[in-house]
Amino acid sequence: MTDQSDNTTRMGRRALLQTTGAAVVMGLAGTATDARAAAQKGDNMSSAERNEAPLGARLQGVQHFGLTVQNMERAYQFYTEVLGGSEVFRHGDFQGDGVQNTLLADQEIEANARGVNPRTIGVPDLRSGAQRLDVRFIQFDNMVLELLQYREADQPMGSAKSFAEPVEHMSPAFPRMMHICFHVRDEVDFNKFIADLEAESARRGMTQVRANRTVRVMTEADRKAAPRDTNTNKVTAEPSNGWELIYCKGPEGEQLEFVKALDPVKTRFADALARRQQSIVR
């Protein structure tokens, strides 16, 4: 793919996702109806007014979350077949000076400042085409997930071999560590959901998909032996009361969270979203 076509693709990708991602993240407890109403009010603002408005009023929410993976097919299978997401589209073989500069300039500056080969700090060479980038977009009800894989040029798309080693330690306590949080429906039995998630992942060979328990466990055997009702942490302390949650590792070692947001925390998020919408569309 050339730089010019990269630019065209990025523009096309943005337009397509703005259409297909009609309900991307608008807030955990917000409703699509509220979001559409706010958007309609905001649409009354002229372009000139919009460009002078506070930065928050120029946004329309979060478009997607990105996750760099080691094994594209494994990650794709987990997010579509296990968790039920739908592919928006896939694209790849990205290379060239434009994409290298756009995605990796800060890391190349860092390598230059250190006086080291960029590759030694995990910077692929998309510029020459020695490495390539592939992406797949997966749609959930209110969120789009982008899977990215950097691979050697001689590896096929969807290869299990990525350009760089995965990060060895994935503790959520590391600064800059991010996680993907999935919103579980209110009526779902959370304990059973986690049990089914682990079982389905294990059936597909993704034994690394493991959820924490609310009791102390020191071995994997202890974790597996823990009672099912320890799959859910039900928060009762204000202002977080109403949360039900658990942390879980995904097939790539990524940090996942699953939550239910019931009242009163559900109302707190809804009220906060309403206040925000009122403030940003004036």
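Counting only heavy atoms from C-beta outward, the side chains of M72 and Q77 never approach each other to under 4.5 Å. In this structure the side chain of L133 never reaches within 4.5 angstrom of the side chain of Q149, judged on heavy atoms. Side-chain contact check for V235 versus L245: some heavy-atom pair is nearer than 4.5 Å. Between R90 and M157, the closest side-chain pair of non-hydrogen atoms is not below 4.5 Å. Within the 4.5 Å cutoff, the side chain of F258 has heavy atoms near those of the C248 side chain. Within the 4.5 Å cutoff, no side-chain heavy atoms of Q255 are placed close to those of I180. Counting heavy atoms from C-beta on, the side chains of L145 and F137 never come closer than 4.5 Å. Counting heavy atoms from C-beta outward, Y150 and L103 have side chains that approach closer than 4.5 Å.
Taking CD of Q208 as the reference point, atom CD of E254 lies at 8.5 Å (rounded to 0.5 Å). Here F65 contributes atom CZ and M143 contributes atom CE; the two are 6.5 Å apart, rounded to the nearest 0.5 Å. One finds the CG atom of D271 at 15.5 Å from the CZ atom of R276 (value rounded to the nearest 0.5 Å). One distance of note links CG of N71 with CD of E252; it measures 5.5 Å at 0.5 Å rounding. The structure places CG of L67 at 13.0 Å from CZ of R136, a figure rounded to the nearest 0.5 Å. K260 NZ to E244 CD: the interatomic distance, rounded to the nearest 0.5 Å, is 4.5 Å.
Proximity of a side-chain donor or acceptor of T230 to a complementary backbone N or O of P227 within less than 3.5 Å is detected. Looking at Q100, its side chain does come within 3.5 Å of a backbone N or O of R127 through a donor-acceptor pair. Proximity of a side-chain donor or acceptor of D134 to a complementary backbone N or O of D93 within less than 3.5 Å is detected. A donor-acceptor pair under 3.5 Å links the side-chain atoms of D263 to the main chain of T267, judged by distance alone. With hydrogens and angles ignored, the 3.5 Å screen pairs a side-chain donor or acceptor of N51 with a backbone N or O of S47. Listed for the S201 side chain is a donor-acceptor partner under 3.5 Å among the backbone atoms of L197.
Considering every non-hydrogen atom in both V123 and Q107, the closest pair reads CG2-CB, 3.5 Å. Minimum interatomic distance between P251 and A75 (heavy atoms only, all atoms of both residues): CG-CA, 4.4 Å. Nearest approach of G129 to A153, heavy atoms of both residues: O-CB, 3.3 Å. Annotation for P124 and G122: closest pair CD-O, 3.4 Å, computed over non-hydrogen atoms. When every heavy atom of V209 is checked against every heavy atom of G250, the shortest pair comes out as CG2-C, 4.0 Å.
Judged by the 6.0 Å and 45° rule, R185 forms no cation-pi pair with F190. In this structure, R151 is not positioned above the aromatic face of F163 in the sense of NZ or CZ being under 6.0 Å from the six-membered ring centre and within 45° of the axis.
Using a 4.0 Å cut-off between charged side-chain N and carboxylate O, K192 and D196 make a salt bridge. Note on E198 versus R223: salt bridge recorded, some NZ/NE/NH1/NH2 to OD/OE distance being below 4.0 Å. Under 4.0 Å is where a charged nitrogen must lie from a carboxylate oxygen, and between E152 and R132 no such pair does.
Residue Y79 is grouped with residue V62 when hydrophobic side chains (ILVMFWY) are merged at heavy-atom distances under 4.5 angstrom, including chains of intermediate members. Clustering ILVMFWY residues whenever any of their side-chain heavy atoms sit less than 4.5 angstrom apart, transitively, puts V215 in a cluster other than the one holding I246. Cluster annotation: V167 and L148 are assigned to distinct hydrophobic clusters (Ile/Leu/Val/Met/Phe/Trp/Tyr, side-chain heavy-atom contacts under 4.5 Å, transitive). Side-chain heavy atoms closer than 4.5 Å link hydrophobic residues (I, L, V, M, F, W, Y) into clusters, and following such links, even through other members, never connects M170 to F182. L256 is connected to V188 through a chain of hydrophobic side-chain contacts under 4.5 Å among Ile, Leu, Val, Met, Phe, Trp and Tyr, so both are in one cluster.
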Q.
One pair to check against side chain to side chain contact (heavy atoms under 4.5 Å, CB included): L126 and L104. What are the steps and the verdict?
A. CA-CA 9 Å; L126 303 177; L104 299 161; 4.1 Å; yes
(Q) If you apply the rule side-chain hydrogen bond (donor to acceptor under 3.5 Å, both in side chains), what do you find for T232 with N191, and how did you get there? (A) CA-CA 6 Å; T232 307; N191 291 324; 2.5 Å; yes
Q) Can N233 and R213 be said to form a side-chain hydrogen bond (donor to acceptor under 3.5 Å, both in side chains), step by step? A) CA-CA 8 Å; N233 186 338; R213 302 292 187 254; over 6 Å; no
Q. Please walk me through it: do F78 and I138 pass side chain to side chain contact (heavy atoms under 4.5 Å, CB included)?
A. CA-CA 11 Å; F78 177 75; I138 299 173; over 6 Å; no
Q) When you look at T120 and N117, which way does the side-chain hydrogen bond (donor to acceptor under 3.5 Å, both in side chains) test go after all the steps? A) CA-CA 6 Å; T120 64; N117 185 323; 5.6 Å; no
Q: Determine, step by step, whether R58 and E49 satisfy the salt bridge (charged side-chain N to carboxylate O under 4.0 Å, His left out) criterion, reporting the C-alpha distance in whole Å, the side-chain angles of both residues, the deciding distance to 0.1 Å, and the verdict.
A: CA-CA 10 Å; R58 304 180 217 177; E49 291 171 330; over 6 Å; no
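The closest side-chain donor-acceptor pair between E87 and Y76 falls under 3.5 angstrom.
Between H179 and Y247, the ring planes are tilted. Angles from 30° to 60° get that label.
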